[in-house]
Amino acid sequence: MLEKGMFIADRYEIMEKIGTGGMADVYRAKCHKLNRFVAIKVLKQEFSNDTTFVAKFRVEAQSVAGLTHANIVNVYDVGDEAGIHYIVMELVEGVTLKKYIERRDDITTKEVVSIAIQVAQGIEAAHNHGIVHRDIKPQNIIISKDGKVKVADFGIARAATSNTINSAVMGSVHYMSPEQARGGYSDQKSDIYSFGVMLFEMLTKKLPFDGDNTVAVAVKHLQEEVPLVSTINPDVPASVEKIVEKCTQKKTERRYQNISDVISDLKKSLITPDENFVVVGENSKLDSTVMLTSEEVAAINKKNRTSKKIEPYKEEVYEEEEEGKSNLDIFLTAVGILIVLLLIGITVYVVAYVVKNISNSSASDLVRPTTNEQVTKNDGNVKVPNLVGLSKEDAKKKLNGLGLGFQAIEDYSELQPEGYVFLQTHEANSPVRPNTTIVVTISKGPKIYTLGDYEGKTIEEVREILEKQIGMTVEVAYEPSATVAIGLVTRTSLEVGSKIKNGDTITVYLCSMPADEEVEVPTIIGKTEDNANIALDEAGLTVGEVTKEYSDIYPAGYVMAQSPKDDVVLKGTKVDYVISLGKEPSYSYKGTLSSSIMAEIEEPETYISKEIQFVVKNGSTILKTDSYVTYTDDVFPYEFTLVGKSLTEVTVEVSVRFVYDVDGTETTTVKKASKTVTLTVVEE
């Protein structure tokens, strides 16, 4: 697991962990070379140790890196360092489509189709470049804060297709095409099937197939037809239902043959939703459901790494087994090893060449060791010092003192003040040969920009500049405007021309409605409930929460309080108010205190006399006080009567004053105890 502050490839600083999945962990990071925030997906250890998987992963990720589209999470870089295999991607702030479906109870069919079109356009762009995703599911679709829909995990999904299904990928098997479940060849039409299942879930909030384990779900994809959407959500138009039906056909030849046709039909469904224009071929005898043979069931069980039979479908325990590699895998592994060895040889040669040339450099910054004390006992190597935070001159002096060369470059950075080191090419405490040149990056301070005038622009245009290019945090607020259309920028929290930099926060205001839609809240205090509602309706406001309370001022049935009050708000704003119940009635209460309280009062050994006093309290308010009287047995039970409002219990405080003789002088001391007494209503 990576920690905050760690660097990858001397350019990506880890900021925080933002997600985890079956195969990788995702971190928010900052690219200091291009001064932007990115997402870094790091393969988990069990996949990093699989050389075959890693080789496929690198090839696929590199191929996707050249794929750029508005509806695809773009891949910027791929690499490995110290056994950590990673891909650097576009950072998309938002939620997965899976969470979006779970949180929204009011998704309309039009919204579903609009989202689906954007997903399909991302898939289309990949298919046009010969790239098949093979793991289309809501968990791999991200909806950004500004409403953009993006498909993620092209490279990692394709590389994972050779891995068998297990409990870790339970989410994926629900969207798997029949040919994938059977272990056969999968192509673009497999993505279309998964897309259809995802569309089914968006329209119904249910999955077409479920089961106790991955095998049970896979078999249903093979044997059972996907239910009609209308059986769960009858409000879905016929055309959209037919699109789902055609996408999820068992036979690949009966599905859409390309994703472009799906997009065309989805767009047409927005215009003529009830028109039956989607043609799904009739089932033939050859297309009827075929029950799996025992050999096929055994094959599926083997593919899914389980030793149990499919029938009956009970909870199964999946155990990882070491499977023999196919001849093709062995061949690919051997080729991969040869390529790695060749790359290592080339790298060693290049490094030796560079070191040799640096050693012969006549630059004044390249200094040779002058004493034996400058070389460690580790085979003559020198340990690189930590230079981060040092000034340029101090860093140079420290390196030269160890017999190491110094070279400086400059770049903008928020990590260190101007003139101080914030990056070094060789990690601190790492051993290097004498005369090695250490390249440090000196901070030029944060890059300063001038804030432009964004009035009338869209929030997407502003985010592109302020967030993606500058690295600011953009917060959105809304306000009415008489000059800007609804949804466009009215102003920013900072004035035009202000100096801004990476990491700053700015509020961008969008027009919520025309300014002439502002209304003044009328005063409804003192009005009856009916008259208050009429006044709010005439002002273009809505009645909010209405509550009732007792009041000594306002008669019953009249408004005694309101919120908001004496304010200008947008038309349609809700106004809450309180109706008076009139004066709260008083009741007579009776309470009784027994003599058991005296057990809590410690008497002196000798005394001349004792007196007792009772005080009745409601919290800190004294309701009744009696004078001290001479204590006799008949003071208990102490009974008292109160008149008040909404009393249920009170506290009775007992004070006992003892008089005793001290060397011929009368002295007093007071002992106290208290007890809660429950009241009973005597009369109303």
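Just so you know, these numbers use all the heavy atoms, side chains as well, and skip hydrogens, waters and symmetry mates. This structure is a prediction, so every number in the text was calculated from the model and none was measured.
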*Could you point out which residue of Lys41, Lys150, Arg36 forms a salt bridge (Lys or Arg N to Asp or Glu O under 4.0 Å) with Glu90?*
Lys150
*Using the salt bridge (Lys or Arg N to Asp or Glu O under 4.0 Å) rule, take Glu460 and Lys148 through it: C-alpha gap first, then chi angles, then the decisive distance, then the call.*
CA-CA 9 Å; Glu460 290 81 6; Lys148 291 277 183 65; over 6 Å; no
*Is there a donor-acceptor pair under 3.5 Å between the side chain of Tyr27 and the backbone N or O of Leu2?*
yes
*asked:* What verdict does the side chain to side chain contact (heavy atoms under 4.5 Å, CB included) test give for Asp153 and Asp135, after you've listed the backbone C-alpha separation in whole Å, the side-chain angles of each residue and the deciding distance to 0.1 Å?
replied: CA-CA 8 Å; Asp153 278 358; Asp135 194 21; over 6 Å; no
*With no hydrogens and no angle check, is any side-chain donor or acceptor of Glu475 less than 3.5 Å from a backbone partner on Thr505?*
no
*Does atom CD of Glu16 have more than 12 heavy-atom neighbours from other groups under 6.0 Å away?*
yes
*Supply the atom-to-atom distance Cys31 SG to Tyr76 OH, rounded to the nearest 0.5 angstrom.*
9.5 Å
*Would you confirm whether Glu461, through its side chain, and Thr458, through its main-chain N or O, come within 3.5 Å as a donor-acceptor pair?*
yes
*asked:* Taking His133's backbone N and O only, do any of them form a donor-acceptor pair with Asp191's side chain (distance below 3.5 Å, no angle check)?
replied: yes
*So is Lys246 actually on top of Tyr256's ring, under 6.0 Å and inside 45° of the axis?*
yes
_In the structure I gave you, are the side-chain heavy atoms of Met202 and Ile115 within less than 4.5 Å of one another anywhere?_
yes
*Report the distance from atom CZ of Phe7 to atom CD of Gln424, rounding to the nearest 0.5 Å.*
10.5 Å
_Looking only at the side chains, is there a donor atom on one of Ser498 and Glu495 sitting less than 3.5 Å from an acceptor on the other?_
no
*asked:* Do Ile438 and Phe406 make a side-chain contact, defined as non-hydrogen atoms from C-beta onward lying under 4.5 Å apart?
replied: no
*Supply the atom-to-atom distance Asn71 CG to Glu124 CD, rounded to the nearest 0.5 angstrom.*
10.0 Å
*Which of these passes side-chain hydrogen bond (donor to acceptor under 3.5 Å, both in side chains) with Glu201: Lys98, His174, Lys137?*
Lys98
*Determine whether Leu404 and Val432 make a side-chain contact, defined as any pair of heavy atoms from C-beta on separated by less than 4.5 Å.*
yes
_Sidechain-backbone polar pair: Lys205 side chain, Arg104 backbone, donor-acceptor under 3.5 Å_ = yes
*Using modelled atom types only, decide if a donor and an acceptor are shared between the side chain of Thr248 and the backbone of Gly196 within a distance under 3.5 Å.*
no
*Test Glu13 against Arg28 for salt bridge (Lys or Arg N to Asp or Glu O under 4.0 Å), laying out the working first.*
CA-CA 9 Å; Glu13 181 188 4; Arg28 178 187 176 94; over 6 Å; no
*Evaluate the criterion side-chain hydrogen bond (donor to acceptor under 3.5 Å, both in side chains) for residue pair Lys30 and Asn502; output intermediate values, then yes/no.*
CA-CA 11 Å; Lys30 182 176 181 181; Asn502 178 284; 3.0 Å; yes
_Per the salt bridge (Lys or Arg N to Asp or Glu O under 4.0 Å) rule, what does the pair list look like for residues 256-270, sequence neighbours excluded?_
none
*Give the intermediate values and the outcome of side-chain hydrogen bond (donor to acceptor under 3.5 Å, both in side chains) for residues Glu111 and Ser114.*
CA-CA 5 Å; Glu111 185 178 358; Ser114 297; over 6 Å; no
_Reported CG-to-CG distance for the pair Leu203 and Leu199, which is rounded to 0.5 angstrom_ = 4.5 Å
*For the pair Gln257 (side chain) and Thr252 (backbone), establish whether a donor and an acceptor sit closer than 3.5 Å, ignoring hydrogens and angles.*
yes
*asked:* Less than 4.5 Å apart, side chain to side chain, heavy atoms only: is that true for Leu466 and Ile506?
replied: yes
*With side chains defined as the heavy atoms from C-beta onward, is the minimum distance between Ile14 and Glu3 less than 4.5 Å?*
no
*Go through the steps for Glu464 and Gln469 under the test side chain to side chain contact (heavy atoms under 4.5 Å, CB included), then give the verdict.*
CA-CA 6 Å; Glu464 178 66 31; Gln469 296 182 20; 4.1 Å; yes
*Is it true that the NZ or CZ of Arg491 lies under 6.0 Å from the centre of Tyr454's six-membered ring and within 45 degrees of the ring axis?*
no
*Determine whether the side chains of Thr490 and Glu479 contain a donor N or O and an acceptor N or O closer than 3.5 Å.*
yes
*Please confirm whether the backbone N or O of His426 pairs with a side-chain atom of Ser430, one donor and one acceptor, at under 3.5 Å?*
no
*Judged by atom type as modelled, is there a donor-acceptor pair below 3.5 Å linking the side chain of Asn140 to the main-chain atoms of Val151?*
no
*Do Tyr12 and Asp77 get their side chains close enough for a donor-acceptor pair, meaning under 3.5 Å?*
yes
*Kindly compute the distance separating NE2 (His85) from CD1 (Ile87), expressed to the nearest 0.5 Å.*
12.5 Å
*Between Phe209 and His221, ring centroids under 6.0 Å*: yes
*Does some side-chain heavy atom of Leu399 sit less than 4.5 Å from a side-chain heavy atom of Leu387?*
yes
*asked:* Please report the interatomic distance OG(Ser269) to CD1(Ile117), rounded to the nearest 0.5 Å.
replied: 6.5 Å
*Determine whether more than 12 heavy atoms belonging to other residues, nucleotides or ligands lie under 6.0 Å from atom CD of Glu427.*
no
*Taking it one step at a time, do Lys17 and Asp25 satisfy salt bridge (Lys or Arg N to Asp or Glu O under 4.0 Å)?*
CA-CA 8 Å; Lys17 186 176 180 180; Asp25 295 319; 3.7 Å; yes
_Step-by-step side chain to side chain contact (heavy atoms under 4.5 Å, CB included) determination, Leu91 to Ile18_ = CA-CA 11 Å; Leu91 178 64; Ile18 58 176; 4.0 Å; yes
*Carefully, step by step, assess Thr441 and Glu410 under the rule side chain to side chain contact (heavy atoms under 4.5 Å, CB included).*
CA-CA 5 Å; Thr441 307; Glu410 292 185 343; over 6 Å; no
*Taking 4.0 angstrom as the limit, do Lys33 and Asp411 come out as a salt bridge?*
no
_Polar side-chain atom of Ser194 near backbone of Tyr175 as donor-acceptor pair, under 3.5 Å_ = yes
_Min side-chain heavy-atom separation Thr109-Pro273 under 4.5 Å_ = no
_Parallel, tilted or perpendicular, as decided by the 30° and 60° cut-offs, for the rings of His32 and Phe422_ = tilted
*Any chance you could lay out the salt bridge (Lys or Arg N to Asp or Glu O under 4.0 Å) test for Arg255 and Glu179, step after step, and finish with the verdict?*
CA-CA 13 Å; Arg255 290 178 213 154; Glu179 58 269 22; 2.8 Å; yes
_Using every non-hydrogen atom in the two residues, find where Thr96 and Pro138 come nearest and quote the distance to one decimal._
CB-O, 3.9 Å
*Close side-chain approach of Val476 to Arg463, heavy-atom, < 4.5 Å*: yes
